There are 2 protein chains.
Amino acid sequence: MARTQGSHSDITGPRIRAAALQLFARHGYAAVSMRQIAKEVGVQAGALYNYTPDKQSLLFRLMRTHMDELLSARAARGDFATAVEALEDFTRFHIRFHSERPEEVFIAYMELRNLSPDNFATIEALRRQYEDELEAIVQRGISEGAFAVSDTKIPAMAVIAMLTGVNTWFSSGGRLSLDEVETIYWNMVRKAVAA
Amino acid sequence: MARTQGSHSDITGPRIRAAALQLFARHGYAAVSMRQIAKEVGVQAGALYNYTPDKQSLLFRLMRTHMDELLSARAARGDFATAVEALEDFTRFHIRFHSERPEEVFIAYMELRNLSPDNFATIEALRRQYEDELEAIVQRGISEGAFAVSDTKIPAMAVIAMLTGVNTWFSSGGRLSLDEVETIYWNMVRKAVAA
DNA sequence: GTCTATAGGGGGATAGAC
DNA sequence: GTCTATCCCCCTATAGAC
């Protein structure tokens with residue numbers, strides 16, 4: 001028996017999430033209505049509820065997917081002989097991964113307060129996991145005698161804040177290529193923690 | 001003739017702005033209603049319009065005041081003999097000023113997209129002015145031979161992003177005093193740009 | 001799966017009494 | 001200056017036809 005249902009279901013779902021991603025990033029979750037999302041997709045508002053139980057779940061799914069992709073892309077990176085090499089890899093990975101997903105990154109930082117408490121806890125745990133990976137690199141560098149910092153958590157937070165800041169100004173057609181930007185940041189990061 | 005009007009006007013205005021500040025910071029501009037603000041102040045919603053022409057102006061005034069205070073506090077800092085000293089002063093000033101005003105800082109970063117185009121341009125110009133002051137310090141450090149960075153704008157953005165990040169985790173009752181935090185950051189900033 | 005229609009609730013802002 | 005009352009609009013989410 002051929003399935004007669006589901007003719008559009010495989011395409012409408014992704015299109016809803018793509019529209020929500022762009023609209024949430026541009027105007028903010030609270031300022032975007034389900035009607036706007038529906039209009040962007042080309043369906044009526046009621047049809048959205050075939051794909052998401054509610055607006056909150058739509059936001060959560062975008063953030064959850066983003067964090068999962070971040071952590072698995074990060075996990076796919078190899079091991080490194082020294083903490084310095086690991087830190088350079090982290091620096092370049094972070095800048096590149098985030099610059100390729102400006103909308104997701106923006107939402108991940110700006111819409112945390114619009115998550116329900118449970119959803120917030122889930123996202124927060126994933127974010128913490130990512131930070132811990134950098135903190136471990138800092139710790140390793142100290143053990144190896146390559147880094148000299150009087151704390152591990154603060155340098156990790158400082159480096160992530162600094163690198164994520166690239167997204168606020170970088171544009172791919174600008175004065176510098178992403179590769180050049182990576183190198184400038186890596187030089188600053190390297191020196192900042194160096195012994 | 002004694003003025004009989006204005007009995008509450010001197011106090012209600014500030015209370016409205018204080019309530020809006022807290023609510024906007026906590027829930028976001030778009031998610032907060034004029035009725036909520038009024039309730040927090042203890043007046044009816046219509047009374048708010050004696051103090052602001054509309055909701056947008058309320059947001060703008062908060063951001064404008066914050067940026068004005070930032071720039072004048074910064075201007076009150078003295079001159080310094082070397083770029084290194086100027087950079088240390090900037091670092092400590094930025095962390096302290098921002099950590100004392102978490103709600104204002106949060107709004108200044110998160111609600112830019114909810115400003116009308118004209119209001120956005122005004123705030124953006126003030127923010128740019130602040131960044132330019134740091135960029136000038138970086139430029140000076142290069143001239144003096146004290147700093148070695150292959151760009152001036154990117155290090156300025158990187159340092160500001162790093163320092164502002166303190167607000168995402170610092171709490172005054174925590175493991176470290178603000179003074180200790182300042183010193184940790186200053187060591188990283190100093191080394192990051194050092195020749 | 002999508003539509004139309006609607007329930008049920010807020011929203012920003014204004015008018016006019018006091 | 002503040003209140004009550006209201007205009008007119010939009011919101012999320014659901015029900016039921018097709």
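Just so it is clear: chains get the letters A, B, ... in the order the sequence lines come, proteins before strands, and each one is counted from 1. Note that this is a predicted model, so its numbers are computed, not measured.
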Under 4.0 Å between a side-chain N or O of Q44(B) and OP1 or OP2 of dT2(D)? no
I want to verify a distance call: between dT14(C), dG1(D), dG1(C), whose nearest atom is closest to the Y49(B) side chain? dT14(C)
Residues which pass ring-ring contact (aromatic ring centres under 6.0 Å, His included) with Y185(A), listed by chain and number, not counting sequence neighbours: none
Taking the side chain of Y51(B) as heavy atoms from C-beta outward, which of dA13(C), dG1(D), dT2(C) is closest to it? dG1(D)
Taken to the nearest whole Å, CG/N50(A) to P/dG16(D) is 16 Å
Listed in order of residue number, which residues of residues 18-39 of chain B have a non-hydrogen atom at under 4.0 Å from DNA chain D? R35(B)
Residues passing the side-chain contact (heavy atoms from CB on, under 4.5 Å) test with A86(B), sequence neighbours excluded, are F80(B), I137(B), R140(B)
Strand contacts (DNA chain D) in residues 53-65 of chain B, 4.0 angstrom heavy-atom criterion: none
May I ask you to check whether S57(B) and D54(B) show a side-chain donor-acceptor distance below 3.5 Å? yes
With sequence neighbours excluded, tell me which residues meet side-chain contact (heavy atoms from CB on, under 4.5 Å) with S150(B). I184(A)
Provide, to the nearest angstrom, the distance between the CG atom belonging to N114(B) and the P atom belonging to dG12(C). 12 Å
Quick test of your reading: applying salt bridge (charged side-chain N to carboxylate O under 4.0 Å, His left out), list the pairs with at least one residue in residues 120-132 of chain B, sequence neighbours left out, ordered by first then second residue. E124(B)-R127(B), R127(B)-E131(B), R128(B)-D132(B)
For residues 158-167 of chain A, which side-chain donor-acceptor pairs fall under 3.5 Å, sequence neighbours excluded?
{"from": "T164(A)", "atom 1": "OG1", "to": "H94(A)", "atom 2": "NE2", "distance (Å)": "2.8"}
{"from": "T164(A)", "atom 1": "OG1", "to": "I160(A)", "atom 2": "O", "distance (Å)": "2.8"}
{"from": "N167(A)", "atom 1": "ND2", "to": "H98(A)", "atom 2": "O", "distance (Å)": "3.1"}

Would you kindly compare G46(A) and A47(B) by the position of their nearest DNA chain D nucleotide and give the one closer to the 5′ end? A47(B)
Applying ring-ring contact (aromatic ring centres under 6.0 Å, His included), can you list everything that pairs with F97(B), at least two apart in sequence or on another chain? F93(B)
Hey, could you give me each pair passing salt bridge (charged side-chain N to carboxylate O under 4.0 Å, His left out) that has a residue in residues 155-171 of chain B? Not counting sequence neighbours. none
According to a strict under-4.0 Å criterion, is T12(A) in side-chain N/O contact with OP1 or OP2 of dT2(C)? yes
